[in-house]
Structure formats: C-alpha cells, structure tokens
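Notes follow the structure.
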Amino acid sequence: MAQCVQFVEEFVQDSFVPMVAVLCSEEAERATRKNNLNFTELLRPFCRLTSEGHIRDPNNQLQVVKNLRICVNNVMTNPNTASAALSPAQRRLLNEVVLSCQPQEGAVTNVITAGDYNLNFNDHSLKASTPWYSAWREALLEVSTSQHYTATTPWFKAYRENFLQTMPASDHEFLNHYLACLLVVSSTEAVPVEQFLKLSQEQHRIQHSGEYTNPKWFIPNTLKYYVLLHDMSEGDEQRADVLYEDMKQRYGAQGCYLLKINSRASSTAEDEQIPDPWSQYLHRNNLQNQVSTVASSTCDGVSNSLESHPLQLDEGSGMGALHTLSAANTDVKKGARDPESTAGGAGSHGVCLTLNDHDHIRQFIQEFTFRGLLPHIEKNIRQLNDQLVSRKGLSRSLFTATKKWFGGGKGPEKSVHEPKSTCGLLYPPEAPELQIRKMADLCFLVQHYELAYSCYHTAKKDFLSDQAMLYAAGALEMAAVSAFLHAGAARSYPAHYMDTAIQTYRDVCKNMVLAERCTLLSAEILKSQGKYSEAATLLIKMTSEDSDLRSALLLEQAAHCFINMRNPMVRKFAFHMILAGHRFSKAGQRRHALRCYCQAMQVYKERGWALAEDHINFTIGRQSFTLRQPENAVLAFKQILTNDSRQMATQQAAFLREYLYVYKSVMGEKEASLPMLPLPCIHSSATRVYFGHERRLAEGEKQAATHVSLDQDYDQDLAAMWCHLEEQLVASANRGTVPVNFQQTQCCLNSQTDNLRHPLAVVEEPMIVELTFRNPLKVSLALSNLSLLWRFTPDAASPSKEKMPEEFMGETITNEETLALGVGSQQTANLMVVRGKQDLMIQGPRLNQTKEDKMLVRHGPDRRLDPIITPNMPLMEVFFLHFPTALLCGEIRKAYVEFCNVSSVALSGLRVASTHPDFFTFGSQATTPVTPLSPTSAKNCSAYKTLATVNQPGSVAFEVLVSAEDFSQLSTVVEIPIEGNVLEPGESTQLPLWLRGPDQEGVHEINFLFYYESVEKGTKISHRVLRHTVFICASRSLSVQASASRSSVPPHHCQDDKGCSGTLVVIDVENINTSESGVREFHIVQVSSSSQHWQLHKCINPARDKDCKLTSRERAKLCFRAKRCKPHQGITSGGMEKYTFADLNLGHERIVSSSTPCGDFFFHCCRTTESQRADVESSRTSSSSKSQDPSEDKASDLNNIVKKCNELDLNIIVIWKAFVVEDNKQLILEGQLHVALQTIGKEATSLTPKEAQEMVLLKFKSEQPPPVVVPSAELSQLIKTNLHYPETYTHPFVQNSLCLVPVTLTLSNCSPAHVDIIVDLRHKSTSPESLEVHNSFNWVGQTQYKLQLRPEEVLCLTLQACFIQAGVYNLNTPRVFAKPAEQGTMCETSQQTSSPALIIINNA
C-alpha cells in the first residue's frame, strides 16, 4: 500500500492545484539553460508556498489559504483533444515510472503481523519470502506498537502522481485549465517590452484563435504576469532595474517582477556544494523525454506464456518456453531509468545558482501567488457570483445558500437513476451550468470548500435534469471531495457520490481515465477512515482488461487493504497479490511480478495449499530466469519437485523440463562444482550399510553359509538372539566372562541398529551402501552413471580427497527403488561418505533421557556412514556338504562342513554356538569312529560305529563304561576340532558333522554362529563371526513309551548277580509315521541303556524275535530286565562317576552306543532333561524354603525318602532303521530315540508333551497350606512283600482234620532309611465276593509281628496256615503296616497287595 508522506487531505489538495502557463523568450531560456534547466523546471521545487494566503469570498468573509501549491508548465500546443483513454505516450510514461521505481536497496524491513503470519515486505522479498530461505523470520525487525503497519509501495505513489499530473484537460471541468500565464523575457534583450508584447500576442492567439484545442484556459481574461529575468553573470544590473521600473509603470506593480539568477559563474561551481532540489522533480520529465526512444514492442510488456489465467499452470510449456522468455529483452535503455543520463551528473542542476538565488525564486513565486494569482481568482469568483445571481434571479447569493446544505437541511440523493441518453450533451461556454461549475472549481482551488460544495451540488442537479451525465459525474466527484476536505461540515463523507460518479464514468461515459482518478481519490479517503474493506472492493471493481498495469497496481493495493483490516484477511491478501503479480507480468513489469508472487508465498507455503505452491514456485522460477537470476530459478523449480506434487503427470513432466533447462544453464556457468539435485528423493533413514564380502554362491553340492545379506530384513528378536549367541562365544573364549568393552558384531547397519559408535571395517574389504530412492513424481526418471562419493581421511591426517570408486549404470526409477553402491579402501583410515549431490545426512534417534531432551527436540549421532578402517583381519567362509533339509524325528544323518580362510591372515579359536545345540555334533577325538568297522556299515554308509555279532537267545547286554569327560562338547559352545587349532591363509579343511532330527515334528529354524579370531592379538576387532540359518522339516517316526516295575521274583530265586533286584522294563514302540515321506517300515535294531546306577541286563521278550518290524500304525512291546550297576564300576580313580552303556542288539550287528554320534546325542538329551529337571527342583526348593512349619519339614523328609525309594534314573536308547523308497531306490535311514525312566511305576515317553497352561485362581488373602499327605500308593513302595508256598497241597483230612501248610513271607526294605513294620495276620476279608470265591482259613502260631528293617534289608518270616477242608484258598490276607522310623502313626499305611495268592488243598 502506498505509504503517503503527507496526509490524505494534503494528497487530495495536491491533486487539484492552480495551473499556470509559461511563455519564455529565447534569451530567457538560454539564461536558465546554464543550470541544465528550463524556466519551468527552475521554478518547480519552489512552487509550494510556505506562508498563508488570504482571499475574500462574495460575502466579504476572509478565507485562509494554507500550504498552497501551484503547477507551472510550458505552453504545449498539440492538436490532440481530450479522450476517454490515455495516449500511448502517456501509457509508456506510466509504465516506465513504475518500472524505474523498485524497492530500494537496504531499505528498512516492513513487517505486518497478522495472526500467526509474519509477512515481510522489503527489498529482498525474494529471499525473505521463498520457502528455501529458512532464516527469513530472523530477518524481521521489531515494529512499532501501533495496531496496523503499512508496507511502502513507492511505485504506486509515483504512478498515481504521474497519472494525476498527466491527465488530459477536459471540457466538463476546469480544474486542469490554466488560470494565468507567465511571460518571461531576459534583461539582455534589446527591447524587452517588444518581447513582452510578442509573447502576450502569442498567448492571446493560442487561447482565442480556435486553432488549438490544447492547452485549455480557465477564463477568457487570463492573468498575464510579466517576468523580467536578469542573468547576474552577464547583464547590467542597473539596466535591469531601469527596465523593471518601466514595467511597473506599464503593467502595474502587481503584474510584473524582476527575477535575478545566476549569481555565480559555472567555473566556481565545484568549489561550493549547493543543494540540488531539482533531481526528484526532473526524473519524470526525463522519462517522458526518453520514452519516445523505446521500441513499441516493450510499451506494454512482451507477450509470453504467462499471459493466461493466474492460477492456470502451463501444461504444454517446455524448455522452449523459457528460452523464449530469456530472449525477450525487458530492459529498456539505461537513459530511461537513469535521470543522470540526460540531465547531467549528480548535483549538476542549478550550478550557477546560489542560496540567495534560491530565495529569490521562492520570493518570486510567493509574490506572484499572493499579489497576482489569488487576487485574480478572488475577482473572478465575485464576477461569476454576480452573473449567476443576476441571470437566475436569485434573491441571495450562493454563499448564503450553503448554510442550507451544510447546516443539516435536506441531504443529497443517495443515488441517481440510469439516464436514458448518453453523455453526448455539450454546453456552450456561456451556459449558466458551466458558470456554476467554473465558480465551484475556483472556490475548490483556493480551499473554499464550503462554497465549492454548494456550487457542485447545485450544478449536479442541473446536469442531472439535463441528462448531461459526464458533467453530473464530475460534479458528484468534486462534491464528495469538497465534503471530505471541509473540516467543519456536519455531514460525513458521501461515499455514494463517489460510487455513482465511478459507475457513470465507467459504464455510461466509457471514460476509464476519469473513473480511475475518482477511484484513486475515493480509495485514499476510505483508507484514511479505516474502511479498508470498502476501499478494496472499490479498487477491485476498477480492474479491467484494457490496462494490465493499472489492474496490477490496484489489485496490489486491494491486497494491502485486506492485510490492514482490523481482522486481517491473510488469504485474500495472498490471492490478490497473485492476481497482481499476474497482471504485472502481462504488463512487462517482471520484477514487480516476482515480488508479488514471493510475498504471496509467505502465506501459502507449508499450509497444505500444494497446487497453489506449485503455481507460485513455477512462476517465481520463470520470472527469476527471465530476470537473469538462474540460481533463484533453480531453487524455485527445485521446490516444486521436492514436495509431494498433486499435479497430473503431464504437468509434472512440464515442471521437470523447465527445471532441467534452467539447471543446464546454471551448470554451463559452473562446470567445476556439482550442485544438489532434488530428484530422486533419498530416504536417508532407510540407508543400510553392509561391511564385508558378499557370500559366494553354492558350488556344486556345497551350500554356503547364509551369513548376512542386504536381502534380509532386520528383526529385533533375531538380533537379540544373535547377540546372546555371540556373548556366549565371547565368554567361552575369555574364561567364562564377557569383557566390559564388548561390542556386538553388526555386519549390516540400518535405522534400527545401534549406530552410536563408529562401525569397524577391515582394510581391503568392500563396504556396500544401500540407498532407497523415491520418485515423488508420476514421471519416470532415468538415472545413469550413479557414483558414490566418499571422503578418505588417512591416519596421518593428510588432506581429504573426494573419490568416485563405483558407478551404477542405467536405472529407471518409477516409484521406489533400492540401489546398492560399493566403497573400497586400500589404506587404514577414518572413512566418511561425502554428503554431496544427494545429501546423505542421517538423523540419529531422538534423545529422551534428560528433562531438556524431553522438552526440546534433540537427536543423537548416527555414525553408520562413518566407519573406522582397521588392519587386515581373517575372513572365513563356511560350506556344507550333504546337508539335509528334511529329517525324521530322531534321524541321524552324517554331513560335512568345510572351513575356508579366504584372507591373508591366519585364524584360530574356531567355535560355534547354536540355538539348538542338541541338533548337531562334531564328535570327540576319543569316541569318533575313523573308518567303518563292518561291511554292513560301509555298504549302507552307516553313521554309527557298528560291530558284527551273533545274537543268541538269553544273551546279556554288552557293557561299556564311559566317562563324561570323553564327551567334552557338552556346553552350549562347541569348539571345532581343526588340526593345530589354526587355519592358515588360503587353507581349507573338512570335518564330519552328525545331525539328529528334532524330537518334535514341524519346521525348525536352527541358527549357527561361527566364531574365530586372528592369531595376532591387540587388534581393534577382537573377533569375527559368521552366521548361518537352516530350516529343517521334521516328520514323525516312532513313539516310544517305557515303564519300569519291580519284579515279584524273590532275590534268592534270581539267577543273576547277587545285587539284582528284579526290575522289569517294558518298552512300547509305535510307528506314528504317516508314510508321506516314503517310509515303508521301521526296524528296531537295538535297545541300549545308559545310567550311572542302572543298566539293562537282558531281553526277556517271549517272542524271541531277532528284530522288530513295524509298518504304519503298528505297535510292539519289548520286555527287558534291568539291574543295578556294580558299585566298583560306577566310580573312576579320580572320584568321577562313570556312565554304563549297555547294548542289547536285536539283529546281527551291534551299534556301539558309547561312541559318536550315539553317545554325543545321548549326552545332549541328558543335558536338556537335567536342565529342565533342575528348573523344577529349584522352583520346589524356593517354595519349600518359604515354609517354616515343622509338620511340613517332616512331610518333605518323607517325600525324599519315598522319592529315593522309587528312583530309577535309567535312560533308554532305542536305535532304529527305516527303509525308504525314493526315486525307485531304497534308502536306509538310521535314528535313535531317548526315553528317561526316572521313577518306578511312572511311564515315560520319547514325545515332547505340550505344556498345558493351568488357570490360577485369584486369591485375595493368604491361606494356611494344608498338611501334606503322602499317597498310600507311594508309601506302599517302601516294603515289598512276597508269599512263598506250594501251589498244590494234598492232605488226608480223614486221618487228620487239620491241615497245616508252611508259608514264607519275605519282607524287602526298598528305601534307604530304617522302616518300622507291623505284620497283622488277624485280618480277614469281609467282602461277599471274596467269601464266595475263597474259603476261610486261619493263621496259627504268632499272629502279629513288630519289626524294624535296615535300609535294603530282606527278612523272611515262616508262617503256618491251617485248613479244615479241601478247596481253593487266598493266602494274601496278612496286613502289613510300614512307616519310616521317627515318624508318627499318621503315616502308617497298609502294605496289602492287590493280587491274590491262591493255593489248592486236595483231600488225599
């Protein structure tokens, strides 16, 4: 908005000032040319009066004239008449005025704060408002405390002043008509009076001859004022004074003046610096003089593709459009912009004038105005008033009638009706209506606004009655202005007068010049009253297609009205600024167009107006390129491409072509440097960095270790698992402890890994950087010659160099693509990827530790692109041969693993850890078979160590004592047995690897982590690891269920060793394979046992089969006798207990179960079972430790006794062979299943039971635990009873009626504690079933015994049963009570067995 230095009243007054013409002689012009000025230019800086003037109105009232300014112009005669539009010369003048008036360099920033918007208006609006200028808010200066701020628009002020001053004179008004004429003659003339006469005649001829329509004169009797110009440097001063005295006598003292100038010579002008008040006034004249030299093609701007709707993007535009724009020359000649090119250098005006001369000129203007002009106007006002009174017969003057209008009488009409005729009516000069208008204009010029309003109002009525609409509109316009300027008026500003005048000018009279003038005046008046909305509406209505410059300026002012409202309308401001920028562009004002678009961008940016931002940035780019600002153009087009565009594909293609054309022009100037490219977008956080060689593909049957590749997705749980395995390996290598500075090996870094530390890379090993590119456009991007730039910083801190080690050719990105580029280093250094061309700056994770971190947004470092290069390290590759992908549950398969050292450094300390340590074994040196020991194993490639044997009926098991030390690989970390424990560079070795199928069916993910070190210690990388993941599909094979029970055979009847206790083991085997894997049948070839206390002794299977064959869903039972191991066999010389392996083969070959792999997998299974058992025991111990009740302690002791009594601890190994048909070939598979018998009487199985989750009820208070009662079934196992008697007994009842039969009761203490026993023979069965089946008998002799048995003691009691008749009797009637010693009676329980003991008594 134009920020007026003067008030609005002063601006309106200066818009209508008295016009004075000037006619000069040639000698007078020559005298003024010494100062590089003509006479009118000489007077122009002094045309504003500094003192007050006075006139008297027709009622003889004194009126004060303040701050009056007069306009002095040379008489320019031209045949052009007044028209409704500006001439081409005037258009060019106004265009150049606006073009030359640009924001000043270094001007103070103007800021408008509207809500959350800070709008910046300064000379660097391009930088301060565009989105890529991030610090524009910091550039805002503090503004005053007033409510509204006005942004300076000096180009509009200059346009407005020039427009008002260059308006053509019109016949319907007299404000622009000349009131007086200055006749200027030099004192050096021979006869100055004759020159005055010639000039006077010339003026009379111009005014009254009718040859010229311009200039126009106010009244016929024009004031002629005679000026004698005396050049002090040439003329005779006395002669000048004499001539002046003669002029006074001839023209009167009030009609002439002697003006003395040029008081110093031009040669002394450089000695003294005199102010130059003419420069600011001469710029307009210079533009007017130079505008004729400008080509007509640049008058109203060049045609370009932007001359379309301001919000319509050019879809068909390409790089040719910008080329056309760049070729258009929008710059006029320098002389059109530089006033010094025609008027001389700075300070060259008035070089012969002194300050006294300035005072002389100022005094001359004052004398002319006060003594000549004002009295002349006063006289004419009186004459006109008298004429009007006499012609219309008015009884009183118009002045007295003004009280009616300003004193509150009937108000003026609010509107006028549309007239039927046009403005073609013309009045003769002597018409009373024109005389009223002439008098009103005279009163207005001398600031007598009260009388002027009265006259305008009277004339308006007359004009309307005559349908003279042009005259009526002029009267309405000036009446409204007079009402506004009259300070004492009771009425407010009649804005409807102005609206009616504008409508009449524009629509009826088709005179856009007068409508524009009326709009400019009314808008300023409305803005001064705070009516910004009405002013904006008025300005917008005046926009049209006939003048782009005027429309642009008015739209810009309307936008500033919206931003200065009490509630700023920011979006309307931005929208109208865009419209103004578009019209500026059509008018050829590209700098102003660029400024408007940049200011509008402050509102639209980052507000979700994507399409509007694209249009603004596109226009800014084009205008910047046309104005030879390619850097700004590149930034603007880049902004379009980097944001997520919602444009159509064709429009995006046009944007891309424009950008590439501008970018090419910039690159042509700066070939050395490569600027940033906006496309494609890089997801910096998704960047992945891979260290090390990519794994080799499989060679033949070799399967390479999977390790880590860029194809694998990151999984947090898997990463934690690998870290746990690595900690186990590191602890194993460091005597069981993990070092404090342990850092997990991360071969692939991404956004989810720990990137706080610098990653460690190895010299001469590649580093692959994977970048994720995203194309935000709907247009495919063809990329070629992709190179990864990096900076290399050696240890010696030598200067860094940028290198491009790898190129990637020919990639087309349509939506999102991932590319991997490699970096290699040949020296030890700190490596950092260069952030160039496409920025790879990765933002670290947000900090959230301290209070400041939570309050602010802080991010930690991310150093995945800043590796530290370490010296050479060993690099190992692992290959697997004959590695299966599917196994039966428990199947044993032999594979091979090959370790290759592909580096130049030897490696050692080879170890492996796995999530399934029971899945594999490398064997041990003491138990690993070297060669097959039988033809059968060699033929079938058996994984077991086998021996040829002959199976004889009733043969006992083969026993082998094995120490657990022989199987050293019982921990979760396995040391790989390579020769010398060192693998030299380039060497490779193969080792056998035995695998066992998991016991549970399904797909199993098994992870291996290989660990190795360098033989050189003290390196930055302490170790390296290699990952391998396999998936094994396990199918069902056999289900083995085993149970143990005590034999009823008494110890002294046992034919085995003395320590045999007669324990029977029953094994139930079922084929649960579904035959989907082609398994035809299973053969049970051997059953082995391993324990520290028990062993299988012999097979007592009644069938006596050599082996057991099972097809699908078949079952078989095998019976074995078990015995305790001999005491001397279980302990080594070092005090370590050994394991007894007993093999009972059912075929013709024996598998040595104590060697690899059978023994290894057995110990793996034992370790798993013991760990589970230890967890259960620890939970029981922790729960029992909380109890403090003595009764509970006794119960726990009783439990321990019972547990030891029933403890068996016998591990069964069932070895089988499966015959499989695959590809018409029969294969033999081997496997083993394990069953752990822990307790007598409890069944064990080889299948892994699914853990059932039990629901725990919620308890709100603690309860006393109930007393623990040991079940009688378990207590009955303390004592084993046997009755020994003849099955048949013959007795002659005829001879002896009583039959006495001896019966032996054997009592065996099975517990390790003393047991108190009570035998009661008085018990008789009372159940009716027993009475029906068994006859009654009696025990004779002692009927009750109280005994105590030592641990594992056997006692025989001889009893006698008495029968009185023949029959079948049940002898199992004795009642046996047993309790551990030192226990209460509450634990006493009967030892009655359930099976009957029948005896047959025959009569002889």
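We're numbering straight along the sequence, starting at 1. All heavy atoms count here, side chains included; hydrogens, waters and symmetry mates do not. Everything numeric in this text was worked out from a predicted model, so none of it was measured.
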Does the side chain of Gln61 reach to within under 4.5 Å of the side chain of His448, using non-hydrogen atoms? no
Assess, by modelled atom type and distance only, whether the side chains of Tyr456 and Asp441 contain a donor and an acceptor separated by less than 3.5 Å. yes
From the list Tyr471, Phe444, Phe218, ring pair (Phe, Tyr, Trp, His ring centres under 6.0 Å) with Phe174 holds only for Phe218
For the backbone of Thr519 and the side chain of Ser522, can you confirm whether one donor and one acceptor N or O come within less than 3.5 Å of each other? no
Side-chain contact test, heavy atoms from C-beta onward, threshold under 4.5 Å: evaluate it for Leu86 versus Val513 and give yes or no. yes
Could you pull out all residues at least two apart from Asp499 that satisfy salt bridge (Lys or Arg N to Asp or Glu O under 4.0 Å)? none
For the side chain of His592 and the backbone of Val98, is there at least one donor-acceptor N/O pair under 3.5 Å apart? yes
Any heavy-atom pair between the side chains of Leu445 and Leu179 that's under 4.5 Å? yes
With sequence neighbours excluded, residues passing side-chain contact (heavy atoms from CB on, under 4.5 Å) with Lys572: Phe562, Met569, His576
Tyr427 side chain to Asp466 side chain, donor-acceptor N/O pair below 3.5 angstrom: yes
Mind checking whether Tyr449 and Gln13 have side chains closer than 4.5 Å, heavy atoms only? yes
Residues in side-chain hydrogen bond (donor to acceptor under 3.5 Å, both in side chains) with Tyr178, at least two apart? none
Contacts of Arg506 meeting salt bridge (Lys or Arg N to Asp or Glu O under 4.0 Å) (sequence neighbours excluded), chain-then-number -> none
Has the side chain of Ser15 got a donor or acceptor atom that lies under 3.5 Å from a matching backbone atom of Phe11? yes
Going by side-chain hydrogen bond (donor to acceptor under 3.5 Å, both in side chains), name the residues that satisfy it together with His172, two or more places apart in sequence or in a different chain. Ser170
Are Glu9 and Lys66 close enough for a salt bridge, meaning some N to O gap below 4.0 Å? no
Nearest 0.5 Å please: distance from the CG atom of Leu549 over to the CD atom of Gln589. 5.5 Å
If you define the side chain from C-beta out and look only at heavy atoms, does anything of Pro18 sit under 4.5 Å from Leu68? yes
Using the six-membered ring wherever Trp is involved, compare the ring planes of Phe573 and His560 and label them parallel, tilted or perpendicular (cut-offs 30° and 60°). perpendicular
Partners of Glu173 by salt bridge (Lys or Arg N to Asp or Glu O under 4.0 Å), sequence neighbours excluded? Arg437, Arg517
Mutual orientation of the aromatic rings belonging to Phe163 and Tyr159 [parallel < 30°, tilted 30-60°, perpendicular > 60°]: parallel
Within the 4.5 Å heavy-atom criterion, are Glu10 and Asp14 side-chain neighbours or not? yes
Within-4.5 Å side-chain heavy-atom neighbours: Ile381 and Val446: yes
Can you check whether Leu526 reaches Met498 side chain to side chain, under 4.5 Å on heavy atoms? no
